[in-house]
Amino acid sequence: MTTELVAELQRRAARFAAVANVQQAISATISLKQAYREIYKAVASVVDAPCFALVIADQPGEQFEAHCIVVDSQEREDESVQNFPNGTATISRVFKTGVPIISSKPEQWWTGTIFQVAARREVQSEITAPLTYHDRTVGVMQILSYKQHAYDSHDLDLIMLIARQAAVAIENARLFDAQRGEQRQTEAAAEIARLALRKVTVAHASHNILKILDEVVPSHGKAIGILAGDADTIYCVAANGSCATMEGLTAPVSHSAVRAAWLSEEPIFVENLRESAHTPDRVPAEPAITIPLIASNRRLGILIVTSETPQLQGGPNGDALLRLAPAVALAIDVLLLSEDEQRIHARERTLAAALATMDQPVLILGVDAKVQYANTAAIKEYGYDAAEISSLSVDDFVVKSAERSRRQTIPALPLDKPLWTGEHIHRRKDGSEFPAAVTLSHIRDENDNIVGLVVGVRNLTEEQKVADHLGRTEKLAAIGELVAGVAHELNNPLTGISTFAQLLLEDRLQGEQFESVSLIKREADRAIGVIRDLLLFARKTDARDVAVDINTIVKHTVRLRALASRSSGIEVHMHLDESNPQVRGDEQKLQQVLLNLIVNAESAMDGAELRHLTVTTQRKQSTVQVMVSDTGHGMPPAVAQRVFEPFFTTKTSGKGTGLGLSVSYGIIQAHEGTISVESEPEIGTTFTILLPIYTEGRK
C-alpha cells in the first residue's frame with residue numbers, strides 16, 4: 001500500500017511539474033497561434049487528448065469562433081472551421097456558468113465538421129473547461145478522448161490550472177497582437193506618407209498603397225477610385241485580387257456601388273458589391289466595405305476592400321482600414337496636387353519654349369509697364385541683353401516722334417475686346433528704328449484684376465517693302481498699259497514718216513533739201529527705236545522660248561565690256577555656278593538686260609575710290625539667280641524705288657533716256673522672272689534677277 005501511495009504521489013508530482021513547465025511556456029508566448037499550440041502541448045502532456053478544441057466567444061457573445069482544432073493529434077489549419085452558435089449545449093453551459101464539465105457521453109456536436117474523422121471512431125470522454133480571465137469568461141477549452149472514463153477529478157484540476165493560465169496567455173497574446181497590429185498600421189501609414197513624397201503618379205502610388213494595405217489587412221481584393229475632373233465620376237486607378245478587373249473602370253458616382261458611402265461620407269458595408277455596380281461584369285459579387293477618402297474636407301476618392309465573408313464589417317481588420325484610410329486620402333491629396341503642379345509646370349515650360357522659339361518679339365510687362373520677361377526674338381530685335389531689357393519700360397522702346405503717354409501707349413482694354421492692336425515706331429538699343437505692329441492683352445488673376453500685360457511686336461519693315469514692291473509693280477503695270485497704247489498710236493504715223501522720207505531720199509535731192517529729209521528720216525527712226533523699247537517694257541513683244549546657258553551670256557557680256565571696264569579701272573569678278581544652270585528664254589534679250597545692268601554699274605562707279613563689279617550666278621531650287629553688284633555711289637531709297645519707271649534717270653541730260661531699266665524690267669517679266677534692287681548710298685548697288693530654271697517639256 002505504501003508503494004502504491006508513493007507511486008501515485010510521484011505521478012502527481014510529475015504532472016504538476018509538467019503543468020508548471022507548460023505554464024511557463026504559455027506565459028512566454030507573444031502570439032495567439034503560438035499560445036494556442038503551447039496550450040495544446042500542455043494539455044496533451046498531462047491527459048490523453050487526441051482531439052482538442054479551443055473556442056473563443058466573439059465580442060457580443062452570440063457565437064463561438066473555433067481558433068484551434070486538433071484531430072488525432074494533428075492541428076487542422078488548412079480546413080475551414082464553422083463558427084459554433086451559442087446554443088451548443090455543453091460549450092454554452094460551461095461558458096455561461098464558468099463551471100467545468102466531465103462527461104462520458106459527449107454531445108458529438110462535431111458531426112459533419114472536421115471532428116468527423118476518417119476512422120469513424122467515436123469519442124468516449126470529454127472535459128469542457130472555461131477560459132476565465134479576471135472573472136470574465138473569454139472562451140471554452142474542450143479535450144476529447146476515444147477511451148471510456150478517460151478523465152477523473154484530478155485531471156479536471158490539472159486542466160483547470162492550464163485553462164486559467166491559458167486565458168491569461170490568450171489575453172496577453174491578444175494584447176501583443178493588438179500592439180503589433182498598431183505598430184504595423186503606424187509603419188504602414190508612414191510608408192504611405194513616404195509614397196506621397198516621391199515623384200510618382202497617383203496610379204503608380206495607388207498600386208503600392210494596395211500592397212502596403214495587403215500586408216496589414218489581408219483581403220480577397222482591394223481597389224482605389226479617384227474622383228475625376230468633372231466631380232461626378234469615379235475612376236479606378238488601381239486594383240488587385242478579386243477586384244483586379246475593376247482597374248481602369250469609370251462610373252458616375254450616382255450609379256455606382258459606392259454611392260451610399262460617397263453621399264454619407266462614412267464607411268458603408270455592402271453585402272454584394274456587384275448589385276449596385278454601373279458595370280456589373282467587371283465588379284466581383286462579394287461583400288465589401290467602401291470607405292470614402294477625404295482630405296481637407298474634400299472627397300477625393302474611395303477605397304474598396306472585399307472579402308469572401310462579412311468579416312470586415314467589424315473587428316481588428318475593419319478598424320485597421322478605418323485608421324489607415326485618412327493616411328491614404330492624405331497621400332492621394334498630395335499626389336494629386338503634385339500632378340497638378342507638374343501639369344502647371346509642364347504648361348509653363350511649354351509656354352516658355354513656345355515664346356523662346358517664336359520669331360516675333362514678345363514682352364511680358366507688370367502693371368507698371370516695366371518688362372518682366374522678353375523672349376529671344378525681342379532681345380535680338382531690340383539689341384539688349386536679358387538683364388538690360390528687364391529694367392526698361394515699354395515706353396523706352398517708342399521713339400519720341402511717335403511717343404505717347406503710357407496711358408495711350410498701353411490703353412485700358414474694354415471687357416468686350418480682349419486684344420488691342422496699333423502701330424508704333426520702335427527704337428533699338430543702337431538707335432535704329434523700325435515700324436512695329438503692336439498687339440496687347442491683359443493678364444488677369446482669378447478675381448479679374450489686371451496683374452500684367454502681354455505685348456506682341458511685329459516688325460513691319462519687310463511687310464512695308466513687300467507693299468511698296470507691290471505698289472511699284474502695279475504702278476509699272478499701269479504705266480506699261482499706258483505706254484503700250486501710246487506706242488501703238490505713235491508707231492503708225494512715225495512709220496509713215498520714215499517711209500515717205502526714204503522715198504524722198506531716193507529722189508535726187510540736193511543741198512538743204514537732202515539734209516532736211518535725211519534729218520527727218522533719222523529722227524523718225526530714232527523715235528521708232530524708242531517706241532520699240534517702250535513695247536519691250538510693256539511686254540508687248542514675244543520672247544524666244546529656248547534653253548539658254550546663263551553662264552555663257554554672262555561671259556559674253558563681260559567680254560563685250562572688257563575694254564571699257566579696263567579703261568575705267570574697274571575690276572570685274574565672276575562667280576559662276578559650276579553646274580551651268582539653264583533658263584528658258586531669249587538669249588539676245590537676256591544679254592541686253594545684263595549689258596544694261598553692267599553699263600549702269602560702270603556709270604555708278606565714276607569717281608568712286610573702290611571700283612569692283614561682281615557678277616554671280618547660282619542655282620536656287622527651281623530658279624537661277626543672277627546678281628550684278630557694284631561698289632559705286634549707290635542710291636537713296638527714294639531713288640531706288642523709281643529706277644524701273646520709264647524715263648526716270650539720275651544721269652545728266654543727254655546721257656540717258658531712262659528706258660534701260662524699264663526695258664530690262666519688261667524683258668524679265670516676259671520671261672516669268674523677277675528683278676529687284678538693293679542699294680546703299682556710298683556703299684554700292686546690287687541688282688538681283690530670278691529666272692525659272694529650264695525644264696524639259698515645260699512650255
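If you're wondering where the values come from, they're calculated on a predicted model, not measured in any experiment.
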For [X] versus [Y], what's the shortest heavy-atom pair and its separation?
| X | Y | answer |
| --- | --- | --- |
| Pro267 | Leu322 | CG-CD2, 3.2 Å |
| Ala49 | Ala44 | CB-CA, 4.3 Å |
| Pro130 | Ala163 | O-CB, 3.5 Å |
| Ala203 | Val237 | CB-O, 4.1 Å |
| Gln142 | Thr128 | NE2-OG1, 2.9 Å |
| Ala129 | Val94 | C-CG1, 3.8 Å |

Calculate, to the nearest 0.5 Å, the distance between atoms [atom1] and [atom2] belonging to [X] and [Y] respectively.
| X | Y | atom1 | atom2 | value |
| --- | --- | --- | --- | --- |
| Ile379 | Tyr384 | CD1 | OH | 12.5 Å |
| Ile127 | Ile162 | CD1 | CD1 | 9.5 Å |
| Leu335 | Thr201 | CG | OG1 | 8.0 Å |
| Ile56 | Thr137 | CD1 | OG1 | 11.0 Å |
| Gln165 | Leu131 | CD | CG | 11.5 Å |
| Ile101 | Thr90 | CD1 | OG1 | 5.5 Å |

Step-by-step side chain to side chain contact (heavy atoms under 4.5 Å, CB included) determination, Val371 to Leu365: CA-CA 5 Å; Val371 178; Leu365 314 178; 3.7 Å; yes

Using only heavy-atom distances, determine whether the side chains of Glu187 and Gln183 contain a donor-acceptor pair under 3.5 Å. yes

Can you run down the salt bridge (Lys or Arg N to Asp or Glu O under 4.0 Å) pairs that involve residues 134-145, sequence neighbours left out, and say none if there aren't any? Arg136-Glu171

With heavy-atom distances below 4.5 Å as the criterion, would you say the side chains of [X] and [Y] are in contact?
| X | Y | result |
| --- | --- | --- |
| His207 | Glu247 | yes |
| Phe95 | Val55 | no |
| Leu213 | Val305 | no |
| Ile212 | Leu195 | yes |
| Val457 | Glu381 | no |
| Ser296 | Asp333 | yes |

Between [X] and [Y], is there a donor-acceptor pair closer than 3.5 Å when you use the side chain of the first and the backbone of the second?
| X | Y | result |
| --- | --- | --- |
| Arg274 | Ala257 | no |
| Thr306 | Gly221 | yes |
| Asp232 | Pro252 | no |
| Ser103 | Glu126 | no |
| Tyr40 | Leu54 | no |

Pairwise side chain to side chain donor-acceptor pair (under 3.5 Å) hits with a residue in residues 253-269, at least two apart: none

Going by the side-chain contact (heavy atoms from CB on, under 4.5 Å) test, name the single residue among Ile302, Leu227, Val328 that passes it with Leu293. Val328

Residues in salt bridge (Lys or Arg N to Asp or Glu O under 4.0 Å) contact with Glu388, at least two apart in sequence or another chain: Lys429

Please report the C-alpha distance between Asp214 and Lys222 in whole Å, then the side-chain angles of each, then the deciding distance to 0.1 Å, and finally whether the side chain to side chain contact (heavy atoms under 4.5 Å, CB included) criterion is met. CA-CA 8 Å; Asp214 282 339; Lys222 293 184 179 71; 2.5 Å; yes

Report the relative orientation of the aromatic rings in Tyr36 and His67; use parallel for angles under 30°, tilted for 30 to 60°, perpendicular for over 60°. perpendicular

Sole candidate of Lys33, Lys41, Arg37 that passes salt bridge (charged side-chain N to carboxylate O under 4.0 Å, His left out) when paired with Glu75: Arg37

After noting the C-alpha distance and the side-chain angles of Ile170 and Tyr133, does the key distance pass the side chain to side chain contact (heavy atoms under 4.5 Å, CB included) rule? CA-CA 9 Å; Ile170 290 172; Tyr133 178 77; over 6 Å; no

Please evaluate residues Ile332 and Ile224 with respect to the criterion side chain to side chain contact (heavy atoms under 4.5 Å, CB included), reporting the C-alpha separation (whole Å), side-chain torsions for both, the decisive distance (0.1 Å), and the verdict. CA-CA 10 Å; Ile332 289 176; Ile224 292 178; 3.8 Å; yes

